[in-house]
Amino acid sequence: MKLICIGRNYAAHIEELKNERPNEPVIFIKPDSSILPKEQDFYIPEFSNEIHYEVEVLIKIKKVGKHINKDFAHKYYDEIGLGIDFTARDLQKKLKEKGLPWEKSKGFDGAAVIGKWIDKSNFRDVNQLNFSLFKNGEEVQKGNTSLMLWKIDEVISYVSTFFTLKKGDIIFTGTPAGVGIIKANDYLSGSLEEHELFTVKIK
């Protein structure tokens, strides 16, 4: 199983980090060892003083696919979820300045929170999904999949051009504006269309 992440997929998030707007999806991969085990707290790693939360809508691939046409991409997933792409922002900045890969800032142990899954048949339109992240009860991120630069089916099609998608693979579709730092004793929760899909305690 692999975790495929899409960066810079929401215009407002690109602006808040002062990044260049891409002409095509930005892809990076997290190892499966980055998945935070269920019911486990997230421990801030010693190598970073600036861990940021990034809430994202997730897609679970249900069958093998390669060079998937956008018009058929909907046949490759049934489940939608919500998660966090934890990012060591200070480390990422140093790596980006040197033109180096992001993996150390994105793929460390516990950097991927994966919440509960919901069958997509429960939603009228996957391109109109509201989702939010709450920190200590306060809404800090709010997004809607309609604001994606590349919608879910476009992302699946594009990713499959480079990587064969396999059953169980998970795609992180990008984060909206509002990312921010976490501190010890923070409590995070994420909701997708009124469904609370994860909670995480920060240590």
Side-chain angles (χ1 to χ4, degrees), residues 1 3-17 25 30 34-42 51-62 70 73-87 106 110-156 159 167-183 185-203:
M1 188 217 5
L3 309 180
I4 303 168
C5 306
I6 305 300
R8 305 180 189 178
N9 202 17
Y10 288 83
H13 175 58
I14 294 172
E15 293 173 6
E16 76 174 342
L17 294 187
K30 288 176 179 273
S34 70
I35 298 174
L36 184 69
K38 299 291 185 184
E39 309 302 326
Q40 182 171 306
D41 298 335
F42 175 82
I51 299 293
H52 278 200
Y53 54 76
E54 297 187 9
V55 70
E56 309 198 12
V57 171
L58 312 183
I59 303 301
K60 185 191 288 187
I61 299 300
K62 70 172 185 177
K70 180 183 69 174
H74 66 279
K75 296 183 177 181
Y76 286 81
Y77 70 99
D78 285 333
E79 294 178 288
I80 295 178
L82 198 69
I84 299 177
D85 166 23
F86 278 126
T87 303
K106 289 281 194 178
V113 174
I114 297 174
K116 300 174 184 176
W117 296 97
I118 300 177
D119 194 286
K120 68 180 181 182
S121 64
N122 288 286
F123 305 117
R124 183 177 300 177
D125 183 358
V126 298
N127 293 315
Q128 291 284 344
L129 297 176
N130 292 301
F131 60 100
S132 298
L133 180 73
F134 297 86
K135 184 173 77 168
N136 304 325
E138 177 185 356
E139 187 177 49
V140 289
Q141 277 190 282
K142 183 177 182 179
N144 186 287
T145 52
S146 66
L147 299 175
M148 288 180 176
L149 299 181
W150 291 277
K151 302 299 189 290
I152 291 172
D153 289 353
E154 294 174 302
V155 166
I156 291 172
V159 168
K167 183 177 180 179
D169 285 350
I170 296 172
I171 298 178
F172 283 64
T173 61
T175 194
V179 302
I181 196 168
I182 56 171
K183 296 180 180 179
N185 299 316
D186 280 345
Y187 182 80
L188 306 178
S189 62
S191 296
L192 176 68
E193 288 291 340
E194 309 302 325
H195 300 277
E196 184 177 84
L197 298 188
F198 66 76
T199 60
V200 183
K201 293 180 181 179
I202 309 300
K203 300 289 188 176

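Since the structure is predicted, the reported quantities are computational estimates derived from the model, not experimental observations. Count residues from 1 along the sequence.
Within the 4.5 Å cutoff, the side chain of Pro176 has no heavy atoms near those of the Leu147 side chain. You'll find the side chain of Phe86 reaches within 4.5 Å of the side chain of Ile182, heavy atoms only. Contact of the Ile171 side chain with the Asp169 side chain is not registered, since no non-hydrogen atoms from C-beta on lie closer than 4.5 Å. A heavy-atom distance below 4.5 Å is not found between the side chains of Ile59 and Val155. A heavy-atom distance below 4.5 Å is not found between the side chains of Lys183 and Lys135.
Residues in residues 115-126 take part in these side-chain hydrogen bond (donor to acceptor under 3.5 Å, both in side chains) pairs, two or more places apart or across chains: Asp119-Ser121.
Across Glu56 and Gly174, no two heavy atoms sit closer than the pair OE1-N, 2.8 Å. Residue Gly115 comes nearest to Lys38 through the heavy atom pair O-NZ, 3.4 Å, listed as atom of the first residue, atom of the second, then distance. Minimum interatomic distance between Pro25 and Ile6 (heavy atoms only, all atoms of both residues): CB-CG2, 4.3 Å. Nearest heavy atoms, Met1 versus Ile170: SD-CD1, 4.0 Å. When every heavy atom of Leu36 is checked against every heavy atom of Val200, the shortest pair comes out as CD2-CG1, 4.1 Å. The two atoms that bring Asn144 and Gln128 nearest to each other are OD1-CA, 3.6 Å, heavy atoms only.
When each of Val113, Leu188, Ile202 is paired with Phe42, the side-chain contact (heavy atoms from CB on, under 4.5 Å) condition holds for Ile202 and for no other. Put simply, the residue from Asp85, Val57, Ile4 that forms a side-chain contact (heavy atoms from CB on, under 4.5 Å) with Phe172 is Asp85.
We find the CG-NZ distance between Asp41 and Lys203 to be 5.0 Å, quoted to the nearest 0.5 Å. Distance check, rounded to the nearest 0.5 Å: NZ of Lys201 to OH of Tyr187 gives 7.0 Å. Here CG of Asn9 is found 6.5 Å from OG1 of Thr173. Values are rounded to the nearest 0.5 Å.
The main-chain N or O of Leu129 is found under 3.5 Å from a side-chain atom of Thr145 such that the two form a donor-acceptor pair. With hydrogens and angles ignored, the 3.5 Å screen pairs a side-chain donor or acceptor of Thr175 with a backbone N or O of Val55. Although no hydrogens or angles enter the test, the distance criterion places a donor-acceptor pair under 3.5 Å between the side chain of Lys30 and the main chain of Lys106.
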Start with the C-alpha distance between Asp186 and Tyr53, add both sets of side-chain angles, then the distance that settles side chain to side chain contact (heavy atoms under 4.5 Å, CB included), and finish with yes or no. CA-CA 11 Å; Asp186 280 345; Tyr53 54 76; over 6 Å; no
Run Tyr77 and Asp153 through side chain to side chain contact (heavy atoms under 4.5 Å, CB included) and show every step you take. CA-CA 10 Å; Tyr77 70 99; Asp153 289 353; 3.5 Å; yes
Side chain to side chain contact (heavy atoms under 4.5 Å, CB included) between Leu133 and Phe198, worked out: CA-CA 10 Å; Leu133 180 73; Phe198 66 76; 3.7 Å; yes
Stepwise side chain to side chain contact (heavy atoms under 4.5 Å, CB included) test for Leu197 and Ile118: CA-CA 9 Å; Leu197 298 188; Ile118 300 177; 3.7 Å; yes
Take Lys142 and Ser132 through the test side chain to side chain donor-acceptor pair (under 3.5 Å) and record every step on the way to the result. CA-CA 4 Å; Lys142 183 177 182 179; Ser132 298; over 6 Å; no
